[in-house]
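We count residues from 1, following the sequence as given.
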Amino acid sequence: MALRPEARAWAVWGVGLSAYVVAVLHRTSLGVAGLDAQARFQVGAGALASFAVLQLLVYAALQVPVGVLLDRFGSMRLVVSGALLMASGQALMAVTHDMTGAVVARVLVGAGDAMTFISVLRLVPQWFPARRVPVLTQLTGLMGQAGQVLSAVPLAALLAGRGWSTAFGAAAGAGVFVGLLALAALHDSPQRRVSSGAAMTPRQLGADLATAWRHPGTRLGLWTHFSTQFTGTVFALMWGYPFLVAGEGLSRGQASALLTVFVLTGMAAGPVIGVLVQRHPMRRSWLVLGVIGANALAWALVLAWPGRAPLPLLVLLVLALGLGGPGSMIGFEFARTFNPPNRLGTATGIVNVGGFVASLVTILLVGLVLDARTGGRAGYGIDDFKLAMSVQYVIGGLGVIGILRTRRLARQRLATEQGLIVRPMREVLADRGWFGRARAGKR
C-alpha cells in the first residue's frame, strides 16, 4: 500500500534523520572516551586533542567539495557513502592499539560525517513546502543531536562495562544498519529516487564557488555558524566530559547526565527558534547574537566561580550551551534565502565550514594550554581547565566581528538589489516604547 504524499515525505525525512543521529554518535564518541583513549594510546591532552582536530579538519575541508558533489549526485548516494565510511572508521577504532590506526579511523569518521548533515538538509526543501522549511531545518539539526545522548549514555556505559572494542564495534554496527536503511528507503525527491545535477566543468565549478562566497549573505551564514556552534561542539566532542569529571569532580554518571541535558535543551529550543526565524526573518541576526551572549555569560559565571562550580551552575552552563546548536542552524537559513536552488549545496557547505573550523581551533588550543599547565600529564585541576576554557572568548569575539560586518554588507545588498531596508533594532524598540520616542524621519 502506497503512502500518502505527506506521510511519504515524513518517512523519507525520518530515514535521513536516523542517518544523521548515528553520524552525531560517531562524531561525539571520542568525547566520552577521552580519558579511556589517553590510557589506551598512552597520550597527553595535546595528542588526544589532535584526534578530534584531525576529524574536524577533514570534516571542514570536505564541506565545499561535498556540497558540490551534493549538487551533482543528490542526497541518497552521499548519505549511504557517509554511513559506510563512518562505520569502517569505528570498526578500525575498535581493534587498533596504536596511534596510526586511531588517526586513520578518525579521518574516516570525519569524511563520512562531512557527507551526512548537508545531504539530509537538502532533502527538506525537496520534500516539504517552503513555509515548513525553517522549522524542519531546526528539527533536523536538533533531533540529530540525539546521537550525543547515544554516545553519552549507552556508549559510555559500554565503555565502562564491556570495554573499548565492544563499544566501538557496536557503533560500527549502527553505522552499517543506517547505511543499508538509507539505501533501501531514501529518495532524493518525490519525483526521483536519485537526482543527478548537470555535470560541471572546473570553470563553472569555480564560478559557482566564487559567486556563493562573494554574496555577503553566505558569509553571514558562515560567521553565524562559526560563532554559535563551536562552544557546544568543543564541550560535547572533546573537552566537556574531561572538564566535568577531572576538573569539576563529577562522577561519570553525572557528567553523562549533564551532556544529556545539553542535548535535550537544544531539541527543546530548536522548534522555538525555528518559529521565531519563520516569523521574523529580518531579525535572525539578533537571535544569533542573543545565543552568543548567553553562552559567553554562562561560561563567565562558571570560570569566575572560586574553585569548583556548584552543580546548579553547571546545569545553567549546559542549558546555555544547548542553545548553540539551534543558533547555528540559522546560518543555513541565510544560505538558503540568499542563494538560488542550484547553488544551495555549495553555499550550505561553505556555511558548515564555519563552526567546525572554530571548533577544531578551540579544541587544539584547549589541549595545548592543558599540556602547558601540566607538562603533558593527565592530572588536570580545575584551575588548569579554567585557563584553557577561557580561549573560547578569543574565538567568539572574532566571530561576532564577522557577523556584524557581513550583516551590514548583506543589508546594503538587499537595499541595492531589492529596495528592502532593514530598520535598526533600536528604532524598532523605540517605536514600541523601549527607548522613548523614535526620532522623526526614521519611520
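- A donor-acceptor pair shorter than 3.5 Å can be found between the side chains of S151 and T28.
- Nearest heavy atoms, L323 versus A294: CD1-CB, 4.2 Å.
- With values rounded to the nearest 0.5 angstrom, Q229 atom CD is found 13.0 Å from I330 atom CD1.
- Residues Y20 and S119 have side chains not in contact (no heavy-atom distance under 4.5 Å, counting atoms from C-beta outward).
- Put simply, the residue from Y393, F243, W305 that forms a ring pair (Phe, Tyr, Trp, His ring centres under 6.0 Å) with W299 is F243.
- Below 30°, between 30° and 60°, or above 60°: for F332 and F117 the angle between ring planes is above 60°, a perpendicular geometry.
- Counting heavy atoms from C-beta on, the side chains of M329 and I273 never come closer than 4.5 Å.
- Between the side chain of Q392 and the backbone N or O of M389 there is at least one donor-acceptor pair closer than 3.5 Å.
- T233 places no side-chain N or O within donor-acceptor distance of the main-chain N or O of F230, the cut-off being under 3.5 Å.
- Two residues are said to be in side-chain contact when any heavy atoms from C-beta on lie closer than 4.5 Å; R77 and L69 fail this criterion.
- In terms of modelled atom types and a separation under 3.5 Å, the side chain of T228 and the main chain of S328 share a donor-acceptor contact.
- Side-chain contact between I382 and E248 is present, with heavy atoms from C-beta onward closer than 4.5 Å.
- Looking at T116, its side chain does come within 3.5 Å of a backbone N or O of G112 through a donor-acceptor pair.
- Donor-acceptor pairing under 3.5 Å is recorded for the side chains of T337 and R284.
- Here the side chain of R122 pairs no donor or acceptor atom with the backbone of G74 at under 3.5 angstrom.
- Heavy atoms only, all atoms of each residue included: M115 and S81 are closest at SD-CB, 3.9 Å.
- Not one N or O on the side chain of H187 forms a donor-acceptor pair closer than 3.5 Å with the backbone of S189.
- Of all the heavy atoms in A388 and V369, the pair that sits closest is CA-CG1, 3.6 Å.
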CA sep, side-chain torsions, deciding dist, call: L244, F235, side-chain contact (heavy atoms from CB on, under 4.5 Å): CA-CA 10 Å; L244 295 173; F235 196 82; 3.8 Å; yes
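- Taken to the nearest 0.5 Å, the OH atom of Y59 stands 10.0 Å off from the OG atom of S359.
- When side chains are defined from C-beta on, I403 counts as touching I292, because their heavy atoms get closer than 4.5 Å.
- Judged by distance alone, the side chain of Q55 and the main-chain N or O of R27 form a donor-acceptor pair under 3.5 Å.
- Judged by distance alone, with hydrogens and angles left aside, the side-chain atoms of W239 form no donor-acceptor pair with the main-chain N or O of F385 at under 3.5 Å.
- In plain terms, the two heavy atoms of S390 and L303 that are nearest each other are OG-CD1, 3.7 Å.
- When only modelled atom types and interatomic distance are considered, H225 and N352 share a side-chain donor-acceptor pair under 3.5 Å.
- Taking 4.5 Å as the limit, every side-chain heavy atom of V351 sits out of range of all side-chain heavy atoms of T224.
- Residues W13 and T140 bring a donor and an acceptor atom of their side chains to less than 3.5 Å of each other.
- Relative to the ring axis of W286, R407 places its NZ or CZ within 45° and under 6.0 Å from the centre.
- Here the two rings, on W10 and F128, have centers that are under 6.0 Å apart.
- In this structure, CG in L398 is found 7.5 Å from OG in S227, a value given to the nearest 0.5 Å.
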